[in-house]
Structure formats: structure tokens, C-alpha cells
Number of protein chains: 2
Amino acid sequence: MAEHRLLTAEREQKILELLGQSRVMTVAGLSEALAVSEATVRRDLQSMHERKLLQRVRGGAAFQGLTRQEPLFADKEEQQTEAKRRIALKALELVDDHDVVYLDGGSTVLALARLLEGRQGLTVVTNSMMAAAELMNSRHRLILVGGEFRARSRTLVGPLTAPVIQSLNVDKAFMGTIGFSIPDGMTTTDPSEAFTKEQILKRATQVVLLVDSSKLGVPSFARSGTIGDIDVLVTNRISEQMLRDVDSLGVRVILAGE
Amino acid sequence: MAEHRLLTAEREQKILELLGQSRVMTVAGLSEALAVSEATVRRDLQSMHERKLLQRVRGGAAFQGLTRQEPLFADKEEQQTEAKRRIALKALELVDDHDVVYLDGGSTVLALARLLEGRQGLTVVTNSMMAAAELMNSRHRLILVGGEFRARSRTLVGPLTAPVIQSLNVDKAFMGTIGFSIPDGMTTTDPSEAFTKEQILKRATQVVLLVDSSKLGVPSFARSGTIGDIDVLVTNRISEQMLRDVDSLGVRVILAGE
DNA sequence: CCATTTTTGCTCATTGTTGCGCGTTTTTGC
DNA sequence: GCAAAAACGCGCAACAATGAGCAAAAATGG
């Protein structure tokens with residue numbers, strides 16, 4: 001690894017990482033850790049705060065989750081939150097201002113929803129109640145697909161979702177999944193859920209799949225789309241073998257790092 | 001890791017932590033634990049008390065009881081809550097187990113949603129995000145109409161709601177409204193909202209309008225249904241004149257009392 | 001290679017924070 | 001009740017953090 005000065009994006013990544021560990025960092029501490037002046041750190045923090053990636057406090061910065069409470073649906077089973085967050089951050093780079101995006105269910109996609117404050121004028125279509133709750137107070141245009149509420153995933157699923165989805169076109173669809181493997185593609189536990197996912201795959205110009213490494217290679221019950229439906233795969237870790245396989249199928253892979 | 005002076009946010013976090021353990025802390029104790037002057041502790045406690053994070057008591061601070069979590073779908077301050085609750089209770093009597101009901105937006109209907117735990121095996125269709133949030137944890141079947149999210153009323157409205165509503169039949173529709181008067185019928189502020197209301201009126205076997213007396217006789221902007229669409233009117237108070245008028249139009253009136 | 005733009009680090013005026021002194025208010029002990 | 005003690009709040013000075021402006025350095029694009 002060449003000893004090069006860190007790029008802005010790298011610095012930001014590092015800041016989030018440090019914050020994830022310590023919950024809070026001083027400007028002085030970051031300045032030292034990143035080997036840049038405090039002025040630069042302040043500019044970074046300012047910019048990242050505006051994009052809601054962290055909380056600015058006098059003297060330093062605090063992790064988003066520290067003061068902000070996530071009560072209603074506190075997923076205690078939340079594992080790999082840091083990995084999910086990094087995946088979401090990479091996915092955020094794919095979103096441009098004024099895009100029409102679709103957000104699927106799942107905690108990784110939800111992490112992305114929380115970051116969308118960093119963009120402007122989006123139209124967000126979703127079947128995820130949690131993502132909707134997150135975006136209710138944003139300035140983005142929010143559209144929910146109708147349908148039956150599935151408690152387990154807190155999403156709207158089933159045949160009733162079809163008419164709304166079919167009357168819309170979205171630029172980018174950010175999908176989650178329960179399992180992902182080469183032979184089966186995307187799989188999930190519930191056929192109604194799978195049905196809705198397939199609907200949206202047909203209506204999206206670009207399909208981005210967000211999965212942490214624990215889902216890779218693990219098939220589930222109901223097929224919800226083939227690998228051919230996917231344009232971009234964002235994950236935190238992937239085996240050489242799988243990387244070659246999906247690459248040969250024309251899927252662009254983005255690594256979010258460990 | 002560099003020893004740094006505690007940031008304000010860190011101090012506050014620590015204070016809450018200590019309070020969680022000991023239920024109560026003295027200013028002197030906090031001053032020592034945090035290594036800051038008592039003056040600073042007092043300022044911190046003052047600030048946190050104003051934000052309802054703890055209870056200020058002379059000499060120190062006490063743990064703030066349950067009020068901690070502010071729900072994701074925060075309720076705005078409600079007026080006439082008692083009247084609304086009584087109206088909702090009367091409306092609940094119209095609901096039988098295993099009914100298919102529609103819940104409209106508005107706080108009175110929301111009050112009814114909260115009471116639906118008292119029934120079994122309902123299928124609840126709604127365009128209200130607040131009602132949906134309320135029923136997410138219930139055992140009832142929950143169906144949301146799709147559509148565009150309108151922040152003001154926290155409901156889903158507009159043309160996208162039509163296909164879902166049109167493919168359903170409901171036994172009883174519980175509607176709210178902004179204004180109600182004899183010449184204009186039901187009126188509301190937003191045409192998209194009115195559109196969705198009209199859709200559901202066509203698909204409901206029985207239409208129940210829930211209004212507190214402050215809405216009676218007060219017309220608003222967009223017509224969302226005529227008096228002829230209504231089967232039952234539940235309110236807390238009504239003038240003799242209006243009672244005669246709606247009665248002559250075949251509307252059954254239920255009084256919830258003052 | 002040079003011109004242009006962007007990023008960075010420095011200085012400095014401004015603003016926010018902290019601790020202390022002191023007068024006032026509340027509580028405590030009798 | 002009443003006086004002493006404790007707690008409090010206010011103003012002030014010292015200090016820390018900040019943002020703006022500017023020049024140097026680095027990246028970018030002919």
C-alpha cells in the first residue's frame with residue numbers, strides 16, 4: 001500500500017469508522033488520527049453534518065445514533081450495523097439529487113434511507129414502513145406502494161402492491177434480500193414478499209442489491225429475482241469465486257470494506 | 001488514545017448513565033465524577049431539564065421516568081381529546097369481530113384505531129400512517145392503500161390510491177373530515193385528500209363519519225363527499241336544526257355526550 | 001508544461017464555554 | 001421563627017473552538 005495522503009472520501013470513511021468505535025471524537029483527536037490540520041477536520045465535519053452523516057458538537061463530532069433515539073422499531077437483533085452502515089454509505093454515492101428511487105425492506109436499505117437526507121429533491125417510493133417512517137419528516141417526496149402489511153419484515157407485500165408499482169418508473173431500486181446465491185439468485189422467506197420484489201425489478205432502470213456478507217451464498221425459500229435482474233451489488237466482503245461469477249454475469253460489484 | 005477533555009455531549013451521556021444507575025445524583029457528586037466545576041454541572045442540568053432528559057431537583061438531578069421515548073410518529077398536541085375519545089368509543093360499538101373496516105385520517109379516527117385491540121380478527125384498510133403505526137403491532141390484518149404521502153395529514157392520497165381501493169370492498173368505513181355542513185357535505189383542505197375519500201365512499205357498505213362538534217357547520221375548501229354518502233354520523237354535540245336536517249336525509253346520528 | 005481550479009493550513013477576529021466571586025434564595029438545624 | 005449553611009443564578013474574565021479570509025500546495029485539464 002503506497003503511503004499517500006488520504007483522499008477526502010477516504011478521510012470521511014475513516015471519520016465514520018472512528019466514530020463508530022468511540023461514539024465521539026474531538027477535532028484535535030481526528031486531526032491527529034488523520035494527519036491533517038484541525039481546520040480541515042472542521043470543514044469535513046461541517047460537510048458531513050450537513051449530509052446528516054454525523055452529529056456536530058462543539059469540540060468534535062458525535063456518532064449519529066448517540067443522541068438520536070431510534071425507539072419504535074428498535075431492532076435488537078441488529079448485527080453488523082457497522083458493515084450495513086458502510087454498505088449504505090457506498091450506496092448513497094449512487095444516488096443523485098432529484099432521482100426517483102425505490103427502497104425495499106431490510107435493515108441495510110433502512111440504513112440507506114437514513115442517509116438520504118444528504119440528497120435533495122428525491123422522489124422515494126417504498127414498501128418499507130420503517131423506511132417510510134424515517135422519510136416522513138424529510139423534504140423528499142414520499143410514495144408508498146399499497147398492499148398487505150407483513151409484520152415480520154414491516155413491509156407491504158402481495159398482489160395489491162402491483163397496481164401502484166406498475167404505474168410508476170423508478171431510476172434506481174435499492175433492494176435487500178434474505179439470501180443470495182449463484183444458482184438461485186435472490187431468495188426470501190415469503191412468497192408475497194418475493195412477488196412484490198419481482199414487480200419492482202421490472203420497473204427499475206437500475207437495480208442495486210445491498211447485502212452484507214452473511215447473506216451471500218445462503219439461499220432461502222422463495223425466489224425473488226435472478227442475478228440477471230441486478231445491475232450493481234454492494235457488499236462488505238465477497239469471495240473470489242463469487243466475485244468472478246457475478247462479474248461474468250455483468251453485475252458491477254462495489255465493496256464497502258471490512 | 002489521547003486523553004481529551006470531555007465534550008458536552010459526552011458529559012450529558014455520562015450524566016444520564018449515572019442517573020440511570022443511581023436514580024439521583026448531587027451536583028457535587030456529578031462535579032467530581034465529570035471533573036468539571038459545579039457551575040458547569042448546573043448549566044448542564046438546566047439545559048437537559050429543559051430538553052426533558054432528566055428532572056432537576058434542588059441539590060442535584062433525578063432520573064426522568066418513562067417519558068423517554070418519543071414515538072416515531074409523534075402526536076401533535078391534541079385538542080378535545082376527551083370528546084374524541086368518547087366519539088371513538090361509540091364508533092367502536094359499530095365494529096364487530098372479523099369485520100373489514102376502513103380507517104381514514106384524522107385524530108378522531110386515530111382514537112378509534114387505538115381501541116381496535118378490543119376486537120378480534122379484523123381486516124383494517126387505511127390510508128393513515130398514524131393509524132397504521134398504531135395497528136402494526138396488533139394481531140389484525142392490516143392493509144395500506146398506496147399513494148403519495150401528505151405530510152400535513154400524515155395520510156396517503158392522490159390518484160395512486162385508486163387502484164388499491166377499487167379492488168377492495170369494506171364493510172364499514174370510518175371517516176374523518178375537516179369541515180361538515182348541510183349544503184356542502186364533507187369538505188377538506190386538499191383536493192388529493194378529497195379524491196381518496198371519494199374513492200372509499202364508493203366501496204364501503206356502510207359509511208360512518210366521526211366528527212367532533214368543532215367541525216359541524218364549518219365548510220372547508222374541497223368537497224370530499226355529500227351527506228347522502230353518509231350512513232351514520234357520530235358526534236359529541238349537534239344543534240337541533242342540523243339534527244333534523246341530517247335525519248331527514250336518512251343519516252342515523254349517534255351522540256357521544258359531552 | 002502552464003493555466004485554472006480545488007484543497008489545505010495558517011492567522012485572526014468572533015463567538016461559545018468554563019470556572020470563579022458574590023449577592024440572593026432556599027433549606028436545614030435548633 | 002431564625003440564623004447558618006447550602007444551593008442557586010448572574011456577571012465577568014480566561015480560555016477554547018469556530019469560521020472567514022488568504023496564500024501556498026496539490027490536483028486537474030488542456
Side-chain angles (χ1 to χ4, degrees), chain A residues 1-19 21-64 66-68 89-90 92-93 95-97 117-120, chain B residues 1-19 21-64:
Chain A
M1 170 78 75
E3 186 72 15
H4 69 91
R5 219 136 143 256
L6 294 170
L7 269 31
T8 308
E10 284 181 288
R11 270 207 322 267
E12 295 192 348
Q13 201 69 24
K14 192 105 186 179
I15 289 173
L16 286 174
E17 212 167 288
L18 290 167
L19 269 183
Q21 290 163 18
S22 315
R23 321 307 291 181
V24 67
M25 290 291 296
T26 61
V27 171
L30 285 169
S31 165
E32 187 178 343
L34 305 170
V36 291
S37 73
E38 301 199 353
T40 302
V41 171
R42 286 202 184 90
R43 277 185 283 246
D44 284 350
L45 295 186
Q46 163 87 21
S47 147
M48 294 173 79
H49 171 68
E50 277 163 12
R51 282 175 292 155
K52 308 274 170 97
L53 300 180
L54 49 75
Q55 262 206 307
R56 188 74 166 90
V57 295
R58 199 168 182 85
F63 192 70
Q64 270 291 1
L66 202 148
T67 44
R68 195 234 196 118
L89 274 166
K90 283 289 177 188
L92 181 64
E93 293 175 15
V95 181
D96 301 315
D97 289 348
E117 293 281 343
R119 292 289 180 279
Q120 292 197 339
Chain B
M1 182 59 72
E3 273 293 308
H4 67 85
R5 208 137 147 262
L6 263 57
L7 267 28
T8 310
E10 281 181 288
R11 271 206 323 265
E12 296 189 348
Q13 197 68 22
K14 196 111 187 179
I15 289 174
L16 286 176
E17 212 169 287
L18 290 167
L19 269 183
Q21 289 163 19
S22 316
R23 317 302 292 177
V24 64
M25 290 290 295
T26 63
V27 172
L30 286 170
S31 164
E32 188 181 349
L34 305 170
V36 292
S37 73
E38 300 197 355
T40 302
V41 171
R42 287 201 185 91
R43 277 185 283 245
D44 283 351
L45 296 185
Q46 163 86 20
S47 148
M48 293 174 78
H49 171 66
E50 278 164 11
R51 281 175 293 156
K52 310 267 174 82
L53 297 177
L54 49 74
Q55 265 204 303
R56 188 72 167 90
V57 294
R58 196 164 184 87
F63 188 71
Q64 175 73 262

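Chain identifiers are assigned alphabetically (A, B, ...) following the order of the sequence lines, protein sequences preceding nucleic acid strands; residue numbering begins at 1 within each chain.
- Distance, B/Glu12 CD to C/dT18 C1': 15 Å, rounded to whole Å.
- Taking B/Ser22 as the reference, B/Met25 meet the side chain to side chain contact (heavy atoms under 4.5 Å, CB included) condition, with sequence neighbours excluded.
- For A/Arg43, the salt bridge (Lys or Arg N to Asp or Glu O under 4.0 Å) criterion is met by no residue, not counting sequence neighbours.
- For B/Arg58, the salt bridge (Lys or Arg N to Asp or Glu O under 4.0 Å) test picks out no residue, with sequence neighbours left out.
- Atom CZ of B/Arg43 and atom P of D/dG11 are 12 Å apart (whole Å).
- Closest to the A/Val36 side chain, of the nucleotides C/dG19, D/dT18, C/dG9, is C/dG9.
- Heavy atoms of B/Glu38 sit nowhere under 4.0 angstrom from any nucleic acid atom.
- In this structure, B/Leu45 atom CG and C/dT18 atom P are separated by 13 Å, rounded to whole Å.
- Across all strands shown, B/Val41 has no heavy atoms under 4.0 Å from either base or sugar-phosphate atoms.
- Not a single donor-acceptor pair, N or O on each side, falls under 3.5 Å between the base of C/dG19 and the side chain of B/Arg42.
- Contact record, A/Leu18 with A/Ala33: CD1-CB, 4.0 Å, taken as the closest heavy-atom pair.
- By the side-chain hydrogen bond (donor to acceptor under 3.5 Å, both in side chains) test, B/Thr8 is found to be paired with no residue, residues two or more places apart in sequence or in another chain being considered.
- To the nearest angstrom, P of D/dA27 lies 12 Å from CZ of A/Arg11.
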Fill in: Under 4.0 Å protein heavy-atom contact, by nucleotide of nucleotides 25-30 of chain C - B base, S sugar-phosphate only
BSS---

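- Here C/dG16 presents its P atom at 17 Å from CG of B/Asp44, a figure rounded to the nearest Å.
- For the OP1/OP2 pair of C/dG9 and a distance below 4.0 Å, the side-chain nitrogens and oxygens of A/Thr40 include at least one atom meeting the criterion.
- Judged as a side chain to side chain contact (heavy atoms under 4.5 Å, CB included), and not counting sequence neighbours, the contacts of B/Thr26 are B/Ala28.
- Using a 3.5 Å distance cut-off with no hydrogens or angles, the side chains of B/Glu17 and B/Gln13 do not pair a donor with an acceptor.
- Five base pairs at each end of the helix from C/dC1-D/dG30 to C/dC30-D/dG1 define two local axes, and these are offset by 50° (rounded to 10°).
- Between the CD atom of B/Gln46 and the P atom of D/dA7 there is a distance of 17 Å, rounded to whole Å.
- Closest approach to the B/Arg56 side chain among D/dG19, D/dG9, C/dG9 is made by D/dG9 (side chain taken as heavy atoms from C-beta onward).
- As rounded to whole Å, 17 Å separates atom C1' of C/dT18 from atom CG of B/Leu30.
- Closest approach to the A/Ser37 side chain among C/dC10, C/dT18, D/dG19 is made by C/dC10 (side chain taken as heavy atoms from C-beta onward).
- Residues satisfying the side-chain hydrogen bond (donor to acceptor under 3.5 Å, both in side chains) criterion with A/Glu93, sequence neighbours excluded, are absent altogether.
- Residues in residues 25-38 of chain B take part in these salt bridge (charged side-chain N to carboxylate O under 4.0 Å, His left out) pairs, two or more places apart or across chains: B/Glu38-B/Arg42.
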